[in-house]
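Predicted model only: the values in this text are computed from it and were never measured. Atoms within each ligand, like the ligands themselves, are counted from 1 in listed order.
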Amino acid sequence: MGQVAQVAQVAQVAQVTQVAQVARSGFKVSRFQSFKVEGQEPGQDQVPSRRCSAVRLEMDALRYRDLSFKPLKEDDLPVLYGWLQAPHVREFYHRKSVPGWEEMRAEYLQRLDPGWPTRCFVCCFGSTPLGYIQTYRVADYPEYAAMIGEERGISLDLFIADAAHIGNGWGRLVLVKFLRDVAFPMFGEEHVCWIYHDKQNHRALRASRAAGFRHVRHFIEDGDTKELLALYRDEVCAARIHR
Ligand SMILES: CC(C)(COP(=O)(O)OP(=O)(O)OC[C@H]1O[C@@H](n2cnc3c(N)ncnc32)[C@H](O)[C@@H]1OP(=O)(O)O)[C@@H](O)C(=O)NCCC(=O)NCCS
């Protein structure tokens, strides 16, 4: 095993242990309440209604409180490289090809430049790294804007690093807290966040809907059907956190 892989593996083992202890320690794994847009059926191609009232969320307040987002640093890259190899990440994230270490390092090093349009973060629960999330202005990526059919707003991509932790409510917590505390404050002039998932990525679609994202339309990327969803700044900021 190479040095980079060893570093990644050691970090991952520590992470699994700590977050799994939290999951076993009696925390209620609560679920956000999904909500239906008035007059809109699933699959209907229309922009989400702004008449929708504030998102009402049931969430684990303690887990929410201890989530934080640390700007990605060069020191994080070996661990990130390990995370990108995980089968559940590869299934829908970096799907086509996993870059080699040098290629990946070069790709992410440029993102550490404060002038780079994509802002990258490690999600942490307490001091334990939980996953990765990045955000960017749609207008900064014209090809992407054309693909999703939107000119304004922000987008984000994320993954939970360890397969043992997916499907336990972390994704929705991360989405809501990241949008409220980091992404919308960072891009103050933008008012909507777009996210898209492969139509087969049922887990991601459920997590995003649970965070308040709503269906906008389908589109095709490289022959695969994707679902575009949206969440507005005022909705996520008005989200009621039940404590
Ligand atoms: C997408 C992702 C970030 C969501 O995080 P998460 O912590 O798993 O999400 P949550 O636990 O909040 O929600 C997952 C939902 O999917 C459900 N789910 C879990 N496994 C599922 C499966 N195999 N099929 C369908 N639904 C599934 C969960 O029950 C939950 O829904 P519910 O609360 O309505 O029951 C995480 O799964 C992940 O990292 N996936 C791999 C990378 C990826 O797909 N990223 C998105 C592309 S940008």
For ligand 1, which atoms have a heavy atom of F92 less than 4.0 angstrom away?
-> 44 (O)

Under a 4.5 Å cut-off applied to non-hydrogen side-chain atoms, are V122 and V79 in contact?
-> no

How many angstroms lie between CZ in R214 and CD in E235, if you round to the nearest 0.5 Å?
-> 4.0 Å

Option whose closest heavy atom lies nearest to atom 42 (C) of ligand 1, chosen from F159, W83, Y132 | F159

Is A210 in contact with ligand 1, taking contact as a heavy-atom separation below 4.0 Å?
-> no

Kindly identify the option in N201, I166, D198 whose heavy atom sits closest to atom 36 (C) of ligand 1.
-> I166

Should the pair Y196 and Y144 be assigned to parallel (<30°), tilted (30 to 60°) or perpendicular (>60°) ring geometry?
-> tilted

Taking atom CD of Q110 as the centre, report whether more than 12 heavy atoms of other residues, nucleotides or ligands fall under 6.0 Å from it.
-> yes

L84 versus M104: any side-chain heavy-atom pair under 4.5 Å?
-> yes

Does L156, backbone or side chain, put an N or O under 3.5 Å from an N or O of ligand 1?
-> no

Geometric cation-pi criterion K177 and F69, 6.0 Å radius, 45° cone = no

Could you list the atoms of ligand 1 found under 4.0 angstrom from a heavy atom of G167?
-> 6 (P), 7 (O), 8 (O), 11 (O)

Polar-atom distance check: R206 versus ligand 1, any N or O pair below 3.5 Å?
-> yes

Is L158 in polar range of ligand 1, meaning some N or O pair under 3.5 Å apart?
-> yes

Do E189 and R152 have side chains that get closer than 4.5 Å, going by heavy atoms?
-> yes

Sub-3.5 Å N/O-N/O distance, R172 and ligand 1 | yes

Hey, could you give me the CZ/CG distance between F184 and L179, rounded to the nearest 0.5 Å?
-> 5.5 Å

W170 heavy atoms within 4.0 Å reach ligand 1 at atoms 7 (O)

Is the CD atom of E143 crowded by more than 12 outside heavy atoms at less than 6.0 Å?
-> no

Pull out every atom of ligand 1 sitting under 4.0 Å from any heavy atom of A204, numbered as shown with elements.
-> 1 (C)

Return a yes/no value for Y93: is any of its N or O atoms, backbone included, closer than 3.5 angstrom to an N or O of ligand 1?
-> no

Is ligand 1 under 4.0 Å from a heavy atom in the side chain of N168, in the backbone, in both, or in neither?
-> backbone

Note: ligand 1 atoms sitting under 4.0 Å from heavy atoms of I160 are 3 (C), 5 (O), 7 (O), 38 (C), 39 (O)

